[in-house]
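Contents: one structure, followed by commentary.
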Amino acid sequence: MGYGKNVKEIYYGGDYNPEQWPEDVWQEDMRMFKKAHINQVTLNVFSWAALQPDEETYSFEKLDRIMELVRENGLKVCMATSTGAHPAWMAKRHPDILRTEFNGMKRKFGGRHNSCPNSPTYRMYAPRLAGELAKRYKDYENIVAWHISNEFGGECYCENCEKAFQEWLKKKYGTIEEMNRSFNSSFWGHTFYDWDEVVLPNLLSEHFEENRTMFQGISLDYRRFNSDSMLECFQLEYDAIRREMPDVPITTNLMGFYKPLDYQKWAKKMDFISWDSYPAPEDSPAAIAIRHDLMRGIKEQNSFVLMEQTPSVTNWLPYNRLKRPGEMRLLSYQAAAHGADAIQFFQLRRSVGACEKYHGAVIDHAGRDDTRVFLEVEKLGEELQLLGDAFLEGRTPAETAIVFDWDNWWALEYSAGPSVRMKYLDAVQDYYTALFEKNIPVDIIGVDDEISKYKIVIAPLLYMTKKGYAEKLETFVKAGGTFITTYFSGIVDEHDLVIGAYPGELKELLGIWVEEQDALPEGEQNAFVYGGEKYSADILCDLLHLEGAEGLSFYEKDFYQGMPAVTRNRYGKGNAYYVATRSIPEFYQHFMADVLREAEVDAILDTPHNVEATVRENGKGRTLFLLNHNTFGVEVVLEQECEDLLSGTIHKAGNALEIEDKGVRILKLS
Ligand code: GLA
Ligand code: ZN
């Protein structure tokens, strides 16, 4: 829902830090915002120290002036609570607010995103500030949302967190026996007799590297606990705002595939999703698109807010390449094509000191309104104004879903064996890219989400099968659905305990059983033939037996030559596929083309390579986005008559539409 129902325009703006500037600059900012069609600002993201000089005093006078200024200038406000970095005095007087690192090192004051989530000081003062802010500014009707803290993340291994972890375990397991069972703690004599014997899993205890642990069960629970701890902090601030303002939507800015936080769980507590998209210069269009789809997916496929993107350049990469002319526009529309209802930047004016002074901004150090970046921002602002609410709150008509699960991600990548080369995101991206390149809309869903509405459900590397999930998949396939999973799936339950013969509870659905797994080191490969073409088998080769399924492909060499590498099981009215190894993009394209045909899933449109076609549907109809990610012009043949929403031109069905390099067309389908 983006900023909410009934918003009639695309909010366009971003992080604005006037507190870093003398007040005479503010008027110039207002002039320039107007020129760029900026209608929204995100305020107060890092002002805690300025707003609260000591335990009892709050000083809001400067923020009052800023709030007056932006209101007078007709700007909507996304109001942040400032709790992403605590004041220095607080750290000095209440050191429990400081975090302890993975290696046990207690931090001093510095940086940001630096508060221990279980610190009593933080848990008291952060929500108190949020509540004070809400009380003071609740009558400003131009506040369209609240933005709690900033990019929650990281972890803490302090004594308070350890105690809280013990409590968390007690609540989860009820008895020590149950905890011991789920940790399999009789291994290496780790049996616990009291909750306070459990210590945090880090370099001082169970870990020998960040991702290498001797007790997966404990490490996995720590991940869950840490995500929950931060979510509780979010909730405390949320409640403090809610007490003052019963209706305003509340969010926090997420970060796409951010491993430490289970965003599917977080989404349930957030009123709408907002997120910060900072693709690396080398990221493919599909790699960027999947993050938008993930962010849309975590809250029931609702639209979201692009809270931050850089208008031009980041500062934190080793080489901060400029977005080329047209690139920011293209990426903005790509976000919109995948569900964004607002387009915002970090930052509106570039700071002069500290580590982000060379980060891109709408207004850069020259302060001019005729820079390349400013003019591109202005041009896009003009277009967004013209588009109004044409596609706002529009849904993506996906018949294909890819399952993504944080617990599975954590457990899989903590696994000691069979291969460190198994990366969850790579496996998910394999399938997503094949679909993306065919213009097949995809929903990224969690294991709690309904699947009966899809024709195809793909769960790559579904290592962990949670309670009831196998039955859910069986029901889906029985009724005619198509299910695809891969090597190293169905192995463990939610405690990371092996279920039995692989693929565990998925055996019947898939009609196979897996006896062994051969991990191939880098450079070593097997091969298989699929549909007449030979493809490589890489990373892991499952050695499996058919128990009802048919083999579609077979390994070409080694002692398991002739064993199946791709299988299909007809189950009820549907099909369940198992791809027992990892292959190359050409295989996924070939395989998915066959599956899509069989499941009768159609592409949005046939387009030249690297030209994306995406649809959003709302009460006003269907909007087709055509995005040319190439650095040269292309022609796209339209299947339907449509109207170009930016130029007003009507295109007839069968017309070839020319799109310039990095060009975008936004078309209303009739
Ligand atoms: C993040 C933060 C911002 C800023 C940008 C810079 O997304 O939320 O405060 O630091 O990164 O890219
Ligand atoms: Zn802590």
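Just follow the structure's listing: the first ligand is 1, and inside any ligand the first atom is 1.
- Cation-pi geometry between R291 and W275 is not met at under 6.0 angstrom from the ring centre and within 45 degrees of the axis.
- Counting heavy atoms under 4.0 Å from ligand 1, residue M255 does not touch it at all.
- Here the heavy atom of the protein found nearest to atom 9 (O) of ligand 1 is R112 NH1, 2.9 Å.
- Y173 and D221 are linked by a side-chain donor-acceptor pair at a separation below 3.5 angstrom, with hydrogens and angles left out of the test.
- Judged purely by atom type and a 3.5 angstrom limit, Q52 uses its side chain to pair as donor or acceptor with the backbone of D54.
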Apply salt bridge (charged side-chain N to carboxylate O under 4.0 Å, His left out) to D196 and K170, showing your working. CA-CA 10 Å; D196 67 4; K170 203 190 253 171; over 6 Å; no
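- Between H359 and ligand 1, at least one N/O pair is under 3.5 Å apart.
- Atoms of ligand 1 found under 4.0 Å from any heavy atom of F46 (numbered from 1 in listed order, with element): 9 (O).
- Residue N150 touches ligand 1 through its side chain alone, judged by heavy-atom distances below 4.0 Å.
- No donor-acceptor pair under 3.5 Å is formed between the side chain of H359 and the backbone N or O of A361.
- Using modelled atom types, one finds a donor on one side chain and an acceptor on the other under 3.5 Å when comparing N320 with T314.
- Residue contacts with ligand 1 for Q347 are absent, since no atom lies close enough (heavy atoms, distance under 4.0 Å).
- Proximity of T314 to ligand 1, defined as any heavy-atom pair under 4.0 Å, is not found for any part of the residue.
- Neither the backbone nor the side chain of M307 comes within contact range of ligand 1; no heavy atom lies under 4.0 Å.
- Numbered from 1 in the order shown, with element, the atoms of ligand 1 that lie under 4.0 Å from a heavy atom of E151 read 1 (C), 2 (C), 7 (O), 8 (O).
- Counting heavy atoms of neighbouring residues, nucleotides and ligands inside a 6.0 Å radius, atom NZ of K62 exceeds 12 of them.
- Near E356, the atoms of ligand 1 lying under 4.0 angstrom from a non-hydrogen atom of the residue are 4 (C), 5 (C), 6 (C), 10 (O).
- Closest to atom 3 (C) of ligand 1, if we only count protein heavy atoms, is E308 OE1, 3.4 Å.
- Every atom of ligand 1 with a heavy atom of N253 under 4.0 Å away is listed here by number and element: 8 (O).
- Taking the ring centroids of F404 and W409, they lie under the 6.0 Å cut-off.
- Residues E237 and T81 bring a donor and an acceptor atom of their side chains to less than 3.5 Å of each other.
- The angle C158:SG - the Zn ion (ligand 2) - C156:SG amounts to 110°, with values rounded to 10 degrees.
- Contact atoms of ligand 1 toward W316: 6 (C), 12 (O) (distance under 4.0 Å to a heavy atom of the residue).
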